[in-house]
Amino acid sequence: VVTSADGKNYVIGTDTTFAPFEFRDSSGEMTGIDMDLIRAIAEDQGFTVEIRSLGFNAALQALSSNQVDGVIAGMSITDERKKIYDFSEPYFESGVQMAIAQNDTEITGYESLKGKTVVAKTGSEGETYAKSIAEQYGFTVQSLDQSATMYESVKSGNAVAVFDDYPVLAYGIAQGNGLKTVTDKVPGGSYGFAVNKGQNPELLAAFNDGLAKMKADGSYQALLDKYLAEPK
Ligand code: GLN
């Protein structure tokens, strides 16, 4: 017997500010690609969601301890995470990039990081990547919980660079957040919706079904365009 998500209410954990995937609009509501996506799928599949803006690492911890039913947070599907979470079909290609302050002329690549401090988000792919090259280039990685704090830290000079997801950096830079990139993107895992391993299989199935329908009827592309299309 396969249980259905229909009629159920699910608690969904997410990041705080990770625009354009999740952020607060001017009225304080959580909005963004992930938020619209999970709400549209919920509506299509007949379930309801309660969004908890917990922060990325906190959302993952909450999922591990079954305090939330699912996480949608620009969360990359990785082999490591697949050991403890079940992921939906991928819905967005991503990866990591480094960004520095816009007025910084000193940092021209990873070679310039010797003896310096960079920031990355606790538990993120960006953190894993930064740590993987830290010894080679002789820099220190400081982990912070929120993208907003990381960017402030770079702009104030407490750190010289931030490692974060490139779609998020690109969106922020296009909005004039005071950062710029000088190194190539590092392709990484695509984003997926996650449930705790073996838990809520009906929710995962409903997500995949809703996503497939949205991809087929063009509403997923329309959702991406809403947040990512270049202003004309
Ligand atoms: N995609 C990255 C990861 O899964 C970062 C996600 C985030 O910061 N919300 O690690």
Side-chain angles (χ1 to χ4, degrees), residues 11-24 30-38 49 51-64 67-68 70-99 118-134 141-154 159 161-173 175 177 179 181 183-197 204 207 211 224 227-228:
V11 180
I12 307 295
T14 190
D15 203 341
T16 47
T17 301
F18 199 56
F21 296 94
E22 41 268 341
F23 56 101
R24 284 185 196 278
M30 287 301 285
T31 187
I33 294 169
D34 286 348
M35 301 296 95
D36 283 13
L37 182 60
I38 191 75
V49 289
I51 303 291
R52 297 235 176 108
S53 167
L54 301 171
F56 185 65
N57 195 46
L60 268 55
Q61 303 296 327
L63 187 58
S64 296
Q67 288 166 297
V68 297
V71 165
I72 188 158
M75 180 179 178
S76 308
I77 303 169
T78 67
D79 288 340
E80 209 45 39
R81 289 177 184 160
K82 277 198 219 165
K83 293 177 192 160
I84 51 171
Y85 306 118
D86 291 329
F87 283 96
S88 70
E89 292 299 319
Y91 65 88
F92 196 91
E93 252 176 54
S94 190
V96 169
Q97 199 168 12
M98 179 176 88
V118 310
V119 286
K121 194 179 294 175
T122 311
S124 74
E125 284 268 86
E127 181 192 51
T128 303
Y129 181 72
K131 284 184 173 170
S132 77
I133 61 166
V141 183
Q142 186 195 355
S143 299
L144 297 171
D145 285 337
Q146 301 201 33
S147 288
T149 323
M150 303 193 308
Y151 301 171
E152 279 316 310
S153 171
V154 172
V162 52
F163 285 76
D164 204 356
D165 287 9
Y166 60 72
V168 171
L169 287 173
Y171 184 86
I173 289 168
Q175 302 232 316
N177 72 356
L179 300 180
T181 54
T183 49
D184 290 338
K185 296 169 180 173
V186 184
S190 291
Y191 294 162
F193 169 70
V195 294
N196 207 1
K197 198 152 196 71
L204 202 55
F207 186 93
L211 178 64
L224 294 182
Y227 291 98
L228 297 173

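Numbering of ligands and ligand atoms starts at 1, following listing order. Here the structure is a predicted model, which is why all the values come from computation and not from measurement.
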Give the protein residues with at least one non-hydrogen atom closer than 4.0 Å to an atom of ligand 1, ordered by chain and number.
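If the criterion is a heavy atom under 4.0 Å, then ligand 1 touches D15, F18, F56, A73, G74, M75, S76, R81, K121, S124, E125, D165, Y191.
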Run the side chain to side chain contact (heavy atoms under 4.5 Å, CB included) test against Y166 and tell me which residues pass, sequence neighbours left out.
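Residues passing side chain to side chain contact (heavy atoms under 4.5 Å, CB included) with Y166: Q97, K185.
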Those residues that, when tested against Y91, pass ring-ring contact (aromatic ring centres under 6.0 Å, His included) (two or more places apart)
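Y91 satisfies ring-ring contact (aromatic ring centres under 6.0 Å, His included) with no residue once adjacent residues are dropped.
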Apply ring-ring contact (aromatic ring centres under 6.0 Å, His included) to F207 and list each qualifying residue two or more places apart in sequence or on a separate chain.
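Partners of F207 under the ring-ring contact (aromatic ring centres under 6.0 Å, His included) test: F193.
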Just checking, is any N or O donor in the side chain of D34 or Y191 under 3.5 Å from an acceptor N or O on the other one?
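There is no such pair between these side chains.
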Measure from the side-chain N and O atoms of T14 to the backbone N and O of I72, and report whether any donor-acceptor pair falls under 3.5 Å.
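Yes; at least one donor-acceptor contact below 3.5 Å.
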Do the non-hydrogen side-chain atoms of D145 and T16 ever get within less than 4.5 Å of each other?
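They are not in side-chain contact.
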